[in-house]
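First comes the structure, then the notes that go with it.
Just so we're clear, the structure is a prediction, and the values are computed from it rather than from any experiment.
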Amino acid sequence: QVQVAESGGGSVQSGGSLRLSCAVSGSPSDYYGIGWFRQAPGKEREGVSCIKTRDGSTYYADSGKGRFTFSRDVAKNTVYLQMDGLRPEDTAVYYCAADLVFGPPCLRYSPHEHHGRAWGQGTQVTVSA
């Protein structure tokens, strides 16, 4: 059974940095991608960055390009999201998720596809102006 657990959220001022970690347990053959998603109050959940684990391709939403960096430590079964130049609009609960279904884009979030991923509990990121 694939499980994920995030850590590393917190509060920073605008322009600051945070690094989120996501530990993935279970066999790598049981998932096809790992992604970071976020949900701000009153908004839909959205993809931030992800990796297709079969070929190592990484993807970024426009909101994080040039500021966020996705990395993976295969030996530790852990992925990271380095977030630099944080802005107040980055404030959200950040979730890590493993794709259990092959096919859908790893960066796409749809309520219909929610249960095709193994989700973590989320970690709060707050950026003050």
Report the residues that fulfil ring pair (Phe, Tyr, Trp, His ring centres under 6.0 Å) with Tyr94, sequence neighbours left out, ordered by chain and then residue number. none
Provide the closest heavy-atom pair for Gly120 versus Tyr95 in the form atom of the first, atom of the second, distance. O-CD2, 3.6 Å
Residues Asp90 and Arg67: closest non-hydrogen pair is OD2-NH1, 2.7 Å
Minimum heavy-atom separation for Pro28 to Asn77, with atom names? CG-OD1, 4.5 Å
Would Val24 and Ile34 count as a side-chain contact (heavy atoms from CB on, under 4.5 Å) if you check the C-alpha gap in whole Å, the side-chain angles of each, and the deciding distance to 0.1 Å? CA-CA 9 Å; Val24 184; Ile34 305 170; 3.8 Å; yes
Any side-chain heavy-atom pair of Ser11 and Gln124 under 4.5 Å: no
Checking Cys22 against Trp36 for the side-chain contact (heavy atoms from CB on, under 4.5 Å) test, could you report, in this order, the C-alpha distance in whole Å, the side-chain angles of both residues, the deciding distance, and whether it holds? CA-CA 9 Å; Cys22 173; Trp36 287 101; 3.5 Å; yes
Please tell me if the side chains of Val93 and Thr123 come closer than 4.5 Å, counting only heavy atoms from C-beta onward. no
Donor-acceptor contact present, side-chain Ser57 to main-chain Lys52, <3.5 Å: no
Which pairs of donor and acceptor atoms, one on a side chain in residues 81-89, lie under 3.5 Å apart (sequence neighbours left out)?
from: Gln82; atom 1: NE2; to: Asp84; atom 2: OD1; distance (Å): 2.9
from: Asp84; atom 1: OD1; to: Ser17; atom 2: OG; distance (Å): 2.7

Run the side-chain contact (heavy atoms from CB on, under 4.5 Å) check on Arg38 and Glu46 step by step: do they pass? CA-CA 6 Å; Arg38 69 185 183 184; Glu46 61 179 4; 2.7 Å; yes
Going by atom type alone, with no hydrogens or angles, which donor-acceptor pairs under 3.5 Å involve a side-chain atom of residues 99-115 and a protein atom two or more places apart or on another chain?
from: Asp99; atom 1: OD1; to: Arg117; atom 2: NE; distance (Å): 2.5
from: Arg108; atom 1: NE; to: Glu113; atom 2: OE1; distance (Å): 3.4
from: Arg108; atom 1: NE; to: Glu113; atom 2: OE2; distance (Å): 3.4
from: Arg108; atom 1: NH2; to: Glu113; atom 2: OE2; distance (Å): 2.3
from: Tyr109; atom 1: OH; to: His114; atom 2: ND1; distance (Å): 3.0
from: Ser110; atom 1: OG; to: His112; atom 2: N; distance (Å): 3.2

Are side-chain heavy atoms of Val125 and Thr91 found at a separation under 4.5 Å? no
Distance, nearest 0.5 Å, that separates OH of Tyr31 from OG1 of Thr53: 6.5 Å
Contacts of Ser29 that satisfy side chain to side chain contact (heavy atoms under 4.5 Å, CB included) - sequence neighbours left out: Ser27
Sequence neighbours left out, cut at 3.5 Å: what donor-acceptor pairs do the side chains of residues 2-9 make with other protein atoms?
from: Glu6; atom 1: OE1; to: Gln121; atom 2: N; distance (Å): 3.1
from: Glu6; atom 1: OE1; to: Gly122; atom 2: N; distance (Å): 2.9
from: Glu6; atom 1: OE2; to: Cys96; atom 2: N; distance (Å): 2.8
from: Glu6; atom 1: OE2; to: Gly122; atom 2: N; distance (Å): 3.2

Report yes or no: is the cationic atom of Arg45 (NZ for Lys, CZ for Arg) closer than 6.0 Å to the six-membered ring centre of Phe37, at no more than 45° off its axis? no
For residues 68-75, which side-chain N or O atoms pair as donor and acceptor with protein atoms under 3.5 Å away, sequence neighbours left out?
from: Asp73; atom 1: OD1; to: Ala75; atom 2: N; distance (Å): 3.2
from: Asp73; atom 1: OD1; to: Lys76; atom 2: N; distance (Å): 3.2

Run the side-chain contact (heavy atoms from CB on, under 4.5 Å) test on Tyr59 and Ile51 for me, step by step, so that the C-alpha distance in whole Å, both residues' side-chain angles and the decisive distance to 0.1 Å come before the verdict. CA-CA 6 Å; Tyr59 301 87; Ile51 186 170; over 6 Å; no
